Amino acid sequence: STNEAKVEVYSMTVDSTVTSRFAHTVMTSKALNKANSSQEIFFEVELPKTAFITNFSMVIEGQVYVGEVKEKEKAKKQYEKAVSSGQTAGLVKASGRTMEKFSVSVNIAAKSNVTFILTYEELLQRKFGKYEIQTRVKPKLPVQDFHIVTNIYEPQGIAFVDAHANFLSNELLPLVEKTVTDKKAHISFSPTIEQQRKCPGCDATQIDGDFIIKYDVNRAETLGDIQIVNGYFVHFFAPPDLPRVPKNVVFVIDRSGSMSGRKMEQTREALLSILKELHEEDYFALIQFDSEIDSWKESLTKATKENVDEAMVFVNRISARGVTNINDAVLRGVNMLLTDRQQKRLHERSVDMIILLTDGMPNSGVSAPHLIQENVRSAIGGKMSLFCLGFGDYVDYSFLDVMSKENKGLARRIYEASDATLQLQGFYEEVSSPLLSEVDLRYPDNAVDFLTTNHFAQLFNGSEIVVAGRLKDEQLDNFMVEVFGQGLEDDFKVQGQASPQDWNVMYPDDEYIFGDFTERLWAYLTIQQLLEKSKSGAPDEKANATAKALDMSLLYSFVTPLTSMVVTKPETEDGTDSPLIADKLTEEQRQQADRLGTTVSHSYRAQALYPQPSYFVDGD
Amino acid sequence: PHFIIELPEKNDSLCFNINNRPGTIFNLVRDPKSGILVNGQVIGEKKISPNGEVKTYFWRFGIVHKTLGVRLEVSTKDISVFQDGKWVKLLWSDTASVKGPNVDLLVTKDRSLTVTLKDSVKFVILLHKVWEKHPYHRDYLGFYTLDRHLLSNSVHGLLGQFYHGIEYEVTNLRPGAVPEKPDATMYVKGHELNVTRGWQRDFRRDVKNGENVPCWFIHYNGTGLIDGDATDYIVSGLF
């Protein structure tokens, strides 16, 4: 972006290479300062929240300034030094639900060029049976040389590819080129400067929004797909044609005062539509709570049409009042499931789950988050999954996140917006179709080590389990793989051999794809899992996980919440230089930014400690 | 007088007014376990203001620590302390510091009195001095709790009941009678209250102008927020 027309962005390229779900994206922008004086040029891009920046560099007058990933504390010192001398540094901002914004500015001399290059990597997650590559482009003016290019390499074979953008007009639509062969897809979008214009001769551009590619791979093997490349392996497991397992689900719904109005309305709407989606063999229960806890029935009920109709009447009557007792409400749900199990009211091979929907901090009954987590963990005792939906900007997300993960579940933020009903339904759809439970992926100890998590509480329909590891012997030709799980009727058990594929045979025309992707995929997954581990568990385990995640972030040059990327800006006229910094936000920092509607400038902001509460009486 | 409960952890405050006939004595803090009692007496304006509203302010506080055998009477005129079997009088017109075995006092001339009762409570009383010839107003006092963490769980009173913390939820923000003061619904202590966003003043740092504290104002003498009714806190004597 530029302040004046005297700076021209003449080239913008987004180049993504996806190899076995691991996406490596390079965004390059080139600008020219046409003015007779120096100007500040801004580089502002958005990247997916799930991505880690791996490099940021600038080329000014032929000189390359390369970023370096440093431990956050060390980068902080450099940053503070710059700030104390009145200079600015880079900023990372939360930006909507799926993206985060990275922006820096640099002062460019008269008649000079600057090139910004940002690289980021992510492991694409399969949801609802597809992977999604999202690229956000927002050039302020039409750009002479504009390209979005994506190459997908999937050794399993590509089932389908779909590319669209929310800015595509009828004229631009034919410009999306898509070539799909068995194991490779090429998608490109390169409108000319004239085609980018909103109207002939005008300066405004119609290129503004998200370019989204969705695809899936073929799934023939029950064992899944195992790829071995350069001493590392990755195992993708999502077998086809598995019957769904019936579920027993207890909905625990917050109806405290702060839910009143739109949130309560959207919760009712979502619940009504979720109830309609229940399969007849499922069992369900409804518990609503404020400081008091009321359940629709005292035990789970089969989801027959009559029962669902009756439940819908109950849902329609849920209205907001009072304060929030999460502890007792969740425990009521847990006890209901445990009792029904004990009394054999539920299908033996079925999955038990609690879905908690809440918008706020617990403030009635047991209200200390760590005590609730402890109570819930000990009551559940590994016997069921807890999924948490945190509604709105004021929810203590990390509390719900930890509580879910400690109980074989996951948490999701629901943003207060007109589509909150759809967000709620979407999350439910994601977790409501378990295909297998207690999935164990086993590899021989003498062949592999440094495994990522290989036990999963569930495999959901439309998702995928990914495990990666390192081969002890790089020359290994093959090793045995076994997968165990609990399915609808029988135990799921499958075994087979993993052997390396010859990438030169698969992709003879592509000289180089990016050879260390399996190792980087393994590193990415390991770091993500260590970061998760660093949030819960014993203090020494947390510290250990944090230390390991930091080491690996530095080793593989990933900007994670523990590291920063520092690029030293060229000297300014006063002879000083100042660092540009790229950071990664945590979900809590994003939430804080959403709530305040402001920028979160890394974690270097002084954390204000809460003063003591104060109670007083006075007069005017 | 206006009461403010500042809750920094929630980044929020609650406020309410308590009005009654001049001369009424209210209990502010009562902790039967530690034997602490703070009562305050209100006074009215010199005459009824043109809008007919009778405003009252605290002008006299009685503070007792039974266990320590300490009594304090603080009024807009002077400060009397009873300890070790005798009364000591301090004047607002002096800056003075008294350190005793059970109580520490610090008087800042014409401005404030800080009281620290050994192992129990610390508070500050502000003196608001008004121009002597003002047709309506007269001098009054403010009472600010600085530290109450050693008080027992049984502490109560108009201020004391909030020392345990307070849980509430506010929702349904809507336009109020005044554009800059929207109304909302508050769920607190099992009640659903109509509250108004406004502000009240904290005079600790600027005794003349005060600092605005945005707060949820609970109407009708804090009804629904305070336990029981404001009249339940009326006591017969300062001690």
Side-chain angles (χ1 to χ4, degrees), chain A residues 254-267 289-293 319-328 358-369 372 391-396 399 416 591-592 595-598 607-620, chain B residues 1-11 13 17-18 26 28-29 40 42 55-59 123-124 126 128 137 140-149 158-163 165-174 185-192 200-204 210 213:
Chain A
D254 184 347
R255 59 160 178 199
S256 64
S258 51
M259 284 285 291
S260 84
R262 204 155 164 233
K263 279 194 273 186
M264 200 75 259
E265 204 176 295
Q266 288 170 324
T267 302
F289 72 95
D290 50 286
S291 55
E292 285 168 25
I293 294 133
S319 61
R321 62 174 217 195
V323 292
T324 310
N325 185 344
I326 290 179
N327 184 73
D328 292 347
T358 180
D359 77 330
M361 280 295 295
N363 53 23
S364 165
V366 176
S367 53
I372 300 175
F391 204 152
D393 292 338
Y394 289 89
V395 68
D396 182 350
F399 155 60
E416 273 187 73
Q591 185 181 7
Q592 188 188 20
R595 188 159 57 212
L596 302 173
T598 55
Q607 293 292 318
L609 290 173
Y610 290 123
Q612 283 286 309
S614 145
Y615 314 87
F616 60 90
V617 52
D618 213 325
D620 293 313
Chain B
H2 69 245
F3 287 71
I4 304 191
I5 317 300
E6 272 188 330
L7 304 159
E9 215 168 313
K10 282 183 182 273
N11 194 19
S13 296
N17 290 346
I18 298 276
F26 288 105
L28 298 180
V29 183
V42 294
K55 280 194 172 173
T56 54
Y57 304 88
F58 280 112
W59 80 283
F123 51 82
V124 66
L126 292 189
H128 295 269
H137 303 324
Y140 64 93
L141 301 173
F143 179 93
Y144 296 75
T145 317
L146 298 183
D147 186 356
R148 82 303 170 205
H149 77 278
L158 276 173
L159 280 177
Q161 63 188 286
F162 299 106
Y163 294 172
I166 174 92
E167 290 304 343
Y168 63 93
E169 297 193 6
V170 176
T171 184
N172 191 18
L173 201 66
R174 54 192 180 272
T185 306
M186 174 179 285
Y187 296 88
V188 64
K189 293 185 177 174
H191 305 289
E192 184 180 331
Q200 284 291 14
R201 279 184 286 172
D202 176 345
F203 294 97
R204 273 176 293 184
V213 178

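So you know, we letter chains A, B, ... as the sequences are listed, proteins then strands, and number each from 1. Model, not experiment: these values are computed from the prediction.
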Checking heavy atoms, do the side chain of [X], its backbone, both or neither come under 4.5 Å from chain A?
X	answer
B:Y168	backbone
B:F58	side chain
B:L141	backbone
B:L28	side chain

Residues in residues 254-263 of chain A that sit under 4.5 Å from chain B, counting heavy atoms only: A:S256, A:G257, A:S258, A:S260
All side-chain hydrogen bond (donor to acceptor under 3.5 Å, both in side chains) counterparts of [X], not counting sequence neighbours:
X	value
A:Q266	none
A:E416	none
A:S364	none

May I ask you to test the B:E169-A:N363 pair for a side-chain heavy-atom distance under 4.5 Å? yes
Name the region of A:T324, side chain, backbone, both or neither, that has any atom closer than 4.5 Å to a heavy atom of chain B. both
Top of B:T185, B:I5, B:L126 for chain A proximity - count of heavy-atom pairs under 4.5 angstrom: B:I5
